[in-house]
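Encoded as structure tokens, the structure appears first; notes follow it.
This is a predicted model, so every value here is computed, not measured. Atoms considered below: every heavy atom in the structure, side chains included; atoms not considered: hydrogens, waters and symmetry mates. Within every chain, numbering begins at 1; the chains are lettered A, B, ... in the order of the sequence lines, protein sequences first and strands thereafter.
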Amino acid sequence: MHPNSIEKSYEPRHVEQRWYAFWENEKLFSAAEKNERPGYSIVIPPPNVTGVLHMGHALNNTLQDILCRYRRLCGDNVLWMPGTDHAGIATQNVVEKKLAAEGKTRHEVGREAFIDAVWKWREEYGNAIINQLKRLGASCDWDRERFTMDEGLSRAVRKVFVELYRQGLIYRGLYIINWCHRCFTALADLEVEHEEHQGNLYHIRYPYSGKDGGIVVATTRPETMLGDTAVAVHPDDERYADLEADSVVLPLMDRIIPIIRDPYVDTSFGTGGLKVTPAHDPNDFEIGSRHNLPAVKVIGDDGRMTEEAGPFAGMDRLACRQAVLKALEEQGLLVRVEPHSHAVGHCYRCGEVVEPNLSRQWFVRTKPLAEKAIAAVREGETRIIPENWSKTYYDWMENIRDWCISRQIWWGHQIPAWTCQACGELTVSEETPQRCEHCGAQELVQETDVLDTWFSSALWPFSTMGWPDRTPLLQTFYPTSCLVTGFDILFFWVARMMMMGIHFMGEVPFRDVYVHALVRDEDGKKMSKSTGNVIDPLTVIEAYGTDSFRFTLAAFAAQGRDIKMSEKRVEGYRHFINKLWNAARFSFMHMGEDAPEAPRQGLSLPDRWILTRLSAINAEVAAALDDYRFNEAAGTLYQFVWHEFCDWYLEAVKPDLYGKLGEERKQTSRSVLWHTLHDILVLLHPFVPFVTEELWHHLPGTQGSIMQAAFPKPEQARSAGINRREAEDAMALVVSVVTAVRTIRGEMNVNPSVALTIRLQTSDEETGAVLRRHGDRISHLARLDSLTVEPPGPRPRSAAVSVVEGVTVLVLLEGVIDFDREIQRLQKEIGKIDQELSGVQRKLANEGFLRKAPEKVVDGVRLRQENLAEKREKLNANLERIQAMDAV
RNA sequence: GGGCGGAUAGCUCAGUUGGGAGAGCAUCGGCCUUACAAGCCGAGGGUCACAGGUUCAAGCCCUGUUCCGCCUACCA
């Protein structure tokens with residue numbers, strides 16, 4: 001078997017795993033801690049250990065991989081730092097579910113044993129997503145893989161916690177937080193997803209104490225009334241200005257609570273009376289603290305009513321709502337019920353309705369941190385791309401609220417704070433303290449809460465590189481070059497990394513943040529398990545190959561627009577991969593054993609043209625990738641490879657390659673072919689790593705991996721020494737003439753196998769010379785048996801005509817021509833020209849245009865007018881001739 | 001309530017400083033031309049959401065309207 005004979009179509013499954021193993025074995029993904037090359041670094045957005053690869057990951061990591069592979073080809077020392085996130089709540093839920101299947105709860109198992117079980121679970125399943133990333137071709141430096149619960153990263157977490165605490169940026173306190181009864185933990189504001197809900201607004205009368213009448217308040221959560229400690233009205237509300245009563249009787253509880261005046265109350269809402277429940281509403285909590293109101297917690301952490309709820313104690317909170325309503329109705333205090341749509345918070349992990357709840361939790365004071373993070377973007381130390389996301393970033397950062405970081409779960413970084421059993425004071429320390437730093441007692445009990453998972457991921461860009469140690473890795477790669485992420489975690493993650501990075505490293509964590517879109521289903525709907533519209537990336541990879549899939553993602557990754565994914569699209573790009581494969585296969589048939597020298601002399605027109613185009617495409621792709629315009633880079637390459645290289649170059653040089661034009665031509669075109677294909681493979685490699693690696697090894701004279709090749713540099717352009725203008729103009733002329741002939745062939749229904757005779761008429765000497773020089777090329781491409789170039793003159797009988805670039809193309813169709821059809825064709829063509837011509841003439845008749853438009857534009861329009869008029873005249877002459885002939 | 005984005009060919013979408021409306025897929029016609037039928041050659045198809053405005057000139061800039069997404073928010 002000839003070494004260059006390869007399969008007729010590309011079979012991804014035969015090569016992908018092999019090459020991935022090869023890259024790993026050769027350590028081609030490894031970054032050097034330090035070397036003379038410029039450093040380029042990206043930290044991966046760590047996927048949850050519980051996760052499986054979904055479309056979002058696939059897009060996210062494909063884009064990162066494209067950047068990393070591109071920078072490596074450019075000669076950079078690239079670090080793509082991989083790892084996974086311990087995903088506290090999500091992982092705990094998974095393992096708890098597993099326990100539940102065995103009929104156990106985590107409380108029965110106990111904290112230590114439970115955590116062991118989670119680690120064991122991770123051993124077993126935690127690598128799934130890593131292996132899936134490898135299937136995607138991700139070129140991460142796997143030897144450096146990190147996990148947010150690793151000892152090193154945990155050390156970073158403790159240090160950050162302690163320092164922030166000492167700086168007064170972490171505090172503990174009793175506040176209203178979001179509580180999920182299902183996950184049994186507090187959540188940060190961000191972790192609550194709001195959903196419009198059709199509920200009811202209940203109007204309830206609170207009778208004045210000792211007087212007739214009362215104040216009507218409105219609420220969507222009537223069960224919380226049991227915890228009301230006041231009724232508020234606006235100080236300026238005239239309806240309540242002369243109120244004699246200063247208190248009301250809280251129905252069902254028979255508690256006397258004060259009427260207070262607070263400007264928070266919106267006089268236009270309902271009756272202007274507001275019930276105040278400090279323990280179960282954030283606003284009420286604020287009002288409560290302004291007026292020194294007690295907070296009565298009636299809903300417990302387990303979702304059941306507390307003892308404070310009196311007769312309702314022990315009821316589920318939703319059942320209690322019904323019971324309260326019924327009781328109120330019986331007492332005639334339920335004045336009105338009206339439908340009301342409002343946003344209800346749900347837990348982002350389990351979907352359960354979240355309750356605002358009074359609770360002692362730990363918080364980060366974010367304002368001071370946010371200020372610097374805002375400034376960093378404003379001053380351009382970090383660029384957010386596309387730029388409009390920075391507005392969203394500012395909006396959120398400027399209105400940031402303190403971040404609740406404690407979680408009442410077990411899986412995570414346990415908060416390094418100890419309470420003294422003797423004096424009750426806190427000792428916060430990186431290492432387990434021996435004694436209380438306040439009273440010296442030794443009875444210390446560690447805080448049982450763990451930290452929000454996002455607390456540790458906020459440190460990711462530097463904790464993964466060895467911080468708090470001053471490692472060479474940090475020296476070389478911090479700040480990282482770019483962060484590639486979806487906008488859904490802009491606040492969760494990016495904003496917090498900015499705050500922590502600046503605070504602890506004194507420098508921003510990344511130079512660029514590239515925010516990509518979401519992958520949706522083909523109808524534009526968000527993919528979700530419950531909708532059942534998810535497309536599994538692995539299934540797609542199995543069916544079409546990784547490269548097709550990656551190229552699809554890149555081709556659709558236009559900035560600021562979501563990607564609608566369907567298998568059909570991927571199939572289309574598989575055709576492209578196959579096209580590339582076959583173009584290479586064809587090329588290999590015409591290559592020797594070695595890499596040929598770069599050709600400099602004796603280049604044919606197609607040779608000069610393709611090298612010119614190659615240089616242009618090279619520059620375009622580099623510019624597009626430098627600007628994160630992935631879709632443009634992919635589109636440019638697609639267009640070039642298929643429609644310039646395959647459709648025109650390869651077709652044009654077939655006579656040369658087959659030796660029909662002599663040995664010298666054969667060698668020259670072979671050489672150009674080799675160099676062009678070589679560069680195409682390198683340019684495409686970041687997008688489609690597997691097929692390019694495979695073809696690279698078939699390309700004669702290459703060594704090692706294509707990953708070690710060099711991305712063509714503009715200053716070493718293949719087109720050096722070539723008159724670009726001449727090559728492009730001449731080729732454009734050839735293409736136009738060939739296309740004109742083909743169009744006539746198609747429209748006149750002449751079989752492609754029939755060789756044609758054409759005559760080209762032009763009055764332009766130079767054009768005539770170019771046509772004569774490349775006549776054979778035209779003949780080959782248009783399937784002609786005869787081509788003559790002549791000055792304008794008499795037209796032959798029975799010829800179909802077309803005019804391109806001032807050249808009249810006469811296709812002789814003796815005995816074949818259908819005059820009616822030709823008349824129709826010409827009339828249609830002339831009609832089109834007339835339409836265009838009238839537009840142009842209208843412009844030229846406009847005095848304002850002539851006076852105010854730039855000269856260049858006016859000249860351009862004039863030239864167009866002349867060309868169109870000339871073309872029209874030529875076509876019309878022919879039309880009249882045929883019509884006259886037809887009449888005879 | 002605030003903010004962001006979208007509306008361009010049958011479908012999915014490009015369109016980078018305002019100057020002759022593009023691609024892929026789909027459709028129609030012709031081809032097994034020795035790399036590829038997962039292919040080749042050709043063709044048809046658009047009031048650039050609507051209404052105004054700026055300009056010699058608007059898919060692009062400005063104003064407003066409609067529809068569709070998304071993010072964010074402490075009106076009970």
Give A/Arg851 one of three labels, base, sugar-phosphate or nothing, depending on what nucleic acid heavy atoms sit under 4.0 Å from its own. nothing
Interatomic distance where CD belongs to A/Glu847 and P belongs to B/rA57 [whole Å]: 13 Å
Whole-Å distance, A/Asp228 CG to B/rA76 C1', equals 11 Å
Specify the residue among A/Phe487 and A/Asn846 whose closest nucleotide of RNA chain B lies further upstream toward the 5′ end. A/Asn846
Can you identify which nucleotide, out of B/rC36, B/rC31, B/rC25, has its nearest atom closest to the A/Lys568 side chain? B/rC25
Report yes or no: is there a donor-acceptor pair, N or O only, under 3.5 Å between the side chain of A/Arg745 and the base of B/rG42? no
Between B/rU54 and B/rA73, how far is it from one C1' atom to the other, in whole Å? 37 Å
How close or far is atom P of B/rC13 from atom OH of A/Tyr638, stated in whole angstroms? 17 Å
So what does A/Pro356 touch, heavy atoms closer than 4.0 Å: a base, only the sugar-phosphate, or nothing? nothing
If you measure from CZ on A/Arg550 to CZ on A/Phe630, what distance do you get to the nearest 0.5 Å? 11.0 Å
Describe the nucleic acid contact of A/Arg221 in one word from base, sugar-phosphate, nothing, applying a heavy-atom distance below 4.0 Å. nothing
Only pairs with both distances under 3.5 Å count, Watson-Crick or wobble alike; so what is the partner of B/rU55 in this structure? none
Provide the distance between the two P atoms, one in B/rU65 and one in B/rC75, to the nearest whole Å. 24 Å
If you count the non-hydrogen atoms of other residues, nucleotides and ligands that lie under 6.0 Å from CZ in A/Arg239, is the total more than 12? yes
Taking atom P of B/rC36 as reference, at what distance in whole Å does atom CG of A/Leu695 sit? 16 Å
Could you tell me how far B/rG24 sits from B/rG19 if I compare only their C1' atoms? Round to whole Å. 28 Å
If you take the centroid of each ring, where Trp contributes its six-membered ring, are A/His590 and A/Tyr658 closer together than 6.0 Å? yes
When only distance counts, do a donor and an acceptor, one from the side chain of A/Glu651 and one from the base of B/rA35, lie under 3.5 Å apart? yes
Let me spell it out: for each of A/Leu850 and A/Asp647, pick the nucleotide of RNA chain B with the closest heavy atom. Which residue's pick is nearer the 5' end? A/Asp647
Taking A/Glu355 first and then A/Arg221, would you say they form a salt bridge - that is, a charged N and a carboxylate O separated by under 4.0 Å? yes
I want to check one thing: is the phosphate of B/rA76, taken as OP1 and OP2, less than 4.0 Å away from some side-chain N or O of A/His340? yes
Now, which nucleotide makes the Watson-Crick or G-U wobble pair with B/rA38, with each of the two distances under 3.5 Å? none
Round to the nearest Å and state the distance from A/Glu632 atom CD to B/rU16 atom P. 9 Å
State whether A/Lys391 places a side-chain N or O below 4.0 Å from either non-bridging phosphate oxygen (OP1 or OP2) of B/rC71. no
Watson-Crick or G-U wobble mate for B/rC67, both contacts under 3.5 Å: B/rG6
In plain terms, say whether A/Glu866 and A/Arg864 are close enough for a salt bridge, that is, a side-chain N and a carboxylate O under 4.0 Å apart. no
B/rG46 versus B/rG59 - spacing of their C1' atoms, nearest Å: 12 Å
Interatomic distance where CG belongs to A/Leu650 and P belongs to B/rU34 [whole Å]: 15 Å
Which whole-number value in Å describes the distance from A/Phe556 CZ to B/rU12 P? 11 Å
Where the side chain of A/Phe491 is defined as all heavy atoms beyond and including C-beta, which of B/rA38, B/rC71, B/rG5 is the nearest nucleotide? B/rC71
Using Watson-Crick or G-U wobble geometry with both distances under 3.5 Å, which nucleotide pairs with B/rG45? none
Taking only side-chain N and O atoms of A/Trp642, does any of them lie within less than 4.0 angstrom of OP1 or OP2 on B/rC40? yes
For a quick check of understanding: with a heavy-atom distance under 4.0 Å over all strands, which category does A/Thr743 fall into, base, sugar-phosphate or nothing? sugar-phosphate
To the nearest Å, how far apart are A/Leu490 CG and B/rC4 P? 15 Å
Reckon A/His643 touches a base, only the sugar-phosphate, or nothing at all at heavy-atom distances under 4.0 Å? sugar-phosphate
Answer yes or no: side-chain N or O of A/Lys579 and base N or O of B/rC36 forming a donor-acceptor pair under 3.5 Å. yes
Hey, does the side chain of A/Tyr658 come within less than 4.0 Å of B/rA35's phosphate (OP1/OP2), counting only N and O? yes
Quick check with a 6.0 Å cut-off and a 45 degree axis cone: is A/Arg496 positioned over the face of A/Phe491's six-membered ring? no
Does A/Leu844 offer a backbone N or O that forms a donor-acceptor pair with the side chain of A/Arg862 under 3.5 Å? no
